[in-house]
Amino acid sequence: MSDSTPSTPATGAKTMATAMRTDLCGTLRAEHEGTTVTVCGWVDRRREHGEHLAFIDLRDYTGIVQAVVDGNHDMRVEYVARITGTVAARPADTANPDLPTGEIELRDCEVEILSIAEPPPFPMDERTGVDETIRLRHRYVDMRKARMQRNLRTRAKVNSAVRGAMEEQGFVEIETPMLIASTPEGARDFVVPSRQKPGNFYALPQSPQIFKQLCMVGGIDRYYQIARCMRDEDLRADRQFEFMQLDAEASFVTQEDVFEFISHAVREATEAVTGERPGEIPHMTWNDAMERFGSDKPDTRFGMELVNLTDLFAETEFNAFKAERIMGIRLEGGAELSRNKLDDLTDMVKRWGGKGLVWMKVEDDKSLNSPVAKFCSESELTGIVERLEAEPGDICFLVADRLRRTQHLLGLLRVELGRPPVTEGGFNFLWVVDFPLFEEINEDGKPIPLHHPFTMPHPDDVDLLNTAEGEELLEVRSQSYDLVLNGWELGSGSVRIHRSDIQSRIFEMLGIGAEEAQLKFGFLLDAFKYGAPPHAGFAFGLDRLTALLAGEENIREVIAFPKTQSGGDPLTQAPTPVADAHLEELGLRVLPPAE
RNA sequence: GGUCCUGUGGUGCAGUUUGGAGUGCACGCCGCCCUGUCAAGGCGGAGGUCGCGAGUUCAAAUCUCGUCAGGACCGCCA
């Protein structure tokens, strides 16, 4: 446990002494020499030297301390013990400089076994990786290790810092319900059957969105909550069914105010964990993010930016390059990639939905070595080298496709080829601003909103909104924004529509009639009739922020009891069937499994 | 919904390409020895339905198909 960094409990307790112990194992030092202490913990290791001498490393969350006992104690690994002894300097030349407690040991020990234990289901040392399912099945043992101790305590620090930052800025903590009405928008809802009204269901909240807006109508002015959110969508390294968000909303603000509030919170959290305060968080427009990084959540820790080559190929003879958009990226030193590897990358791009991937290796004379070079003109080839600023030994990758797909594919490829490990490159927060209001135009010619239909259009685009038709509507920007950290979307927010004339116009454009709007969002629209302040808000994922700050590439590592990718809990076996009588009471019947 | 990877004593691996007796390594576990170790050391020992099921074969951990579990990603996640 040498890398544990505890001693300051997140609770802010003044002492961790109890009726059973005086000190924590990892906190004893030479300055305690001569004092008699009592420590409690788990046996980390025993080293026996016959019946007269044995060393016991006793472990708690702060680290380990060596106790010198005689060899007659039957103390095995993970036994829980209470040891009272005198803190003494170790004999000359036996100090262990690798251990914070390495200068001292406990002597004349009185040992009390509090619990015996079976051997742990996996090695307790941190050197060998253990299958995650086995760790999760025995999470209570896994949690004893330094990694989980560190991560869960980091998480508590993040929560605490974020909470403090919001309080400091005058935000009021309001708890919103977990059993709410299902809304058809957004992610798939988790649903809870109602016993009192069989056939009816509550939904678990995907976010407190509606309620926080109601709080604004209610004059709360600045609301926040550390909220559990539930979405029944497929799991990933950065996604669990249930996750925690810092959810906030404020009245009489612009998006700049929101940036201030939230930036403060994440900078406080970062400082609390790393000890270093991040600088001002830069802004980037959504359009720039897509053009330069091919992603709305760009990882700005590294370059390899996308370069637009479309005009170079305006009159190309090469059919594959007769596309709406041609872009390229350059991988430094990539010319040494094997043909096998390049084939793998091409397959990958095809799996992502691309038609293919063109690669061009830069030779010593800056000519391009590529299977498709013969289809390109001299000026096209030299143009590629110039635009991508390619040097001998580099490789250029080109994709030609529809605009969005070209950006998307190269954005994925860029991350695949260039992304640094999670622990490198620092913490590059980024505000992505000016998201488009609409994602696409459906077959009926109606626009589909990128966020929810209450997102305020960009003030400069209101005229466009009123005049644009068809594809032009995609140019309309909104007052919505994302916070990104090292290529992960931490969260998003927007300025909300509080004026019924604008809201009606948006509903009309979306093809949502007055009746439908009333049915779906009636209670919110009703509330707005009674005096809605201009308001805006944000929410960001605490699991994701914690994972990145802890140097983990998987949020399961910062969650005490996470689910596997298929949504199961190896510890409790959830989800499980329920008794027929229970279903009966709820008015439910389970269908036979679909063929 | 899809693509890819993985599954071998308690744990982590090798063995699978090219079929030939459950073969090997490290850690752990059990017993004995050991008075200064700290990833202690020495000696001895136990422990496996090679995820599961079919198929091919004289013969399958190894090849084929299916299935289950886990992971990464695409779709999805307003």
Side-chain angles (χ1 to χ4, degrees), chain A residues 2 44-58 64-71 76-78 90-99 101-103 105 107 118-138 141-142 183-189 206-207 209-210 229-241 243 297 344 347-354 405 408-409 411-412 415-416 435 437-439 448-455 478 480 489 492-494 510 520-521 539 541 553-554 556 563-568 570:
Chain A
S2 54
D44 195 63
R45 238 178 212 102
R46 63 183 164 138
R47 293 176 292 280
E48 288 187 71
H49 295 259
E51 60 178 320
H52 298 292
L53 177 68
F55 299 100
I56 301 295
D57 289 338
L58 196 68
I64 60 174
V65 65
Q66 172 169 286
V68 186
V69 301
D70 67 49
R76 301 181 187 222
V77 164
E78 299 309 311
R90 294 193 185 187
D93 300 331
T94 63
N96 183 348
D98 297 331
L99 220 53
T101 59
E103 288 182 24
E105 62 192 11
R107 296 234 192 97
E118 289 184 14
F122 41 75
M124 292 301 287
D125 68 71
E126 311 270 339
R127 296 188 308 279
T128 41
V130 180
D131 180 80
E132 199 183 347
T133 316
I134 298 167
R135 290 176 55 205
L136 292 182
R137 188 171 301 138
H138 302 277
V141 178
D142 188 47
T183 53
E185 312 295 312
R188 203 176 283 116
D189 276 330
Q206 297 175 28
S207 86
Q209 182 65 37
I210 301 287
C229 305
M230 322 263 185
R231 293 178 191 172
D232 187 5
E233 295 292 343
D234 289 355
L235 275 38
R236 289 284 166 74
D238 61 351
R239 275 160 34 188
Q240 285 273 302
F241 284 150
F243 57 99
K297 45 179 182 180
D344 286 350
D347 287 346
M348 209 178 286
V349 168
K350 285 179 180 167
R351 268 186 263 122
W352 290 335
R405 196 195 306 249
H408 179 62
L409 295 174
L412 289 172
V415 166
E416 171 70 26
F435 272 67
L437 190 58
F438 304 115
E439 185 175 15
I448 300 169
L450 185 64
H451 290 290
H452 56 65
F454 312 113
T455 305
S478 65
S480 64
E489 179 192 323
S492 56
S494 61
L510 299 178
K520 282 181 174 173
F521 315 110
E553 47 201 7
N554 187 318
R556 294 188 299 272
K563 306 277 187 290
T564 65
Q565 200 168 75
S566 55

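All values derive from a computational prediction rather than experimental measurement.
B/rG19 and B/rA59 have their P atoms separated by 15 Å, given to the nearest Å. Comparing B/rG12 with B/rU6, their C1' atoms sit 14 Å apart, to the nearest whole Å. Across B/rA61 and B/rG22, the matching P atoms stand 6 Å from one another, rounded to whole Å.
A/R47 and A/D57 are joined by a salt bridge, as a carboxylate oxygen and a charged side-chain nitrogen come within less than 4.0 angstrom of each other.
Listed candidates were B/rG36, B/rA40, B/rC34. Nearest to the side chain of A/R90 is B/rG36. Set against B/rA72, B/rG36, B/rC38, the side chain of A/N96 has B/rC38 as its closest nucleotide. Set against B/rC29, B/rU11, B/rU35, the side chain of A/V77 has B/rC29 as its closest nucleotide. Closest to the A/N554 side chain, of the nucleotides B/rA39, B/rG71, B/rG36, is B/rG71. Of the candidate nucleotides B/rG12, B/rG70, B/rU35, B/rG12 has the atom nearest to the side chain of A/D131. When the nucleotides B/rU37, B/rG36, B/rG71 are ranked by their closest atom to the side chain of A/T564, B/rG71 comes out on top.
Using a 4.0 Å heavy-atom cutoff across all strands shown, A/E105 reaches at least one base atom of the nucleic acid. Heavy atoms of A/A95 sit under 4.0 angstrom from at least one base atom. Within 4.0 Å (heavy atoms only), A/R135 reaches no atom of the nucleic acid at all.
B/rU17 is unpaired under the criterion used here, namely a Watson-Crick or G-U wobble arrangement in which both key atom distances are under 3.5 Å. The partner of B/rC65 is B/rG53, judged by Watson-Crick or G-U wobble contacts that both fall below 3.5 Å.
Between the side chain of A/R45 and the base of B/rA40 there is no donor-acceptor pair of N/O atoms closer than 3.5 Å.
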For nucleotides 73-78 of chain B, read 5' to 3', which letter fits each nucleotide if B means a protein heavy atom sits under 4.0 Å from the base, S means only the sugar-phosphate is that close, and - means neither?
BBBBBB

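The salt bridge (charged side-chain N to carboxylate O under 4.0 Å, His left out) search around A/R45 returns none, not counting sequence neighbours.
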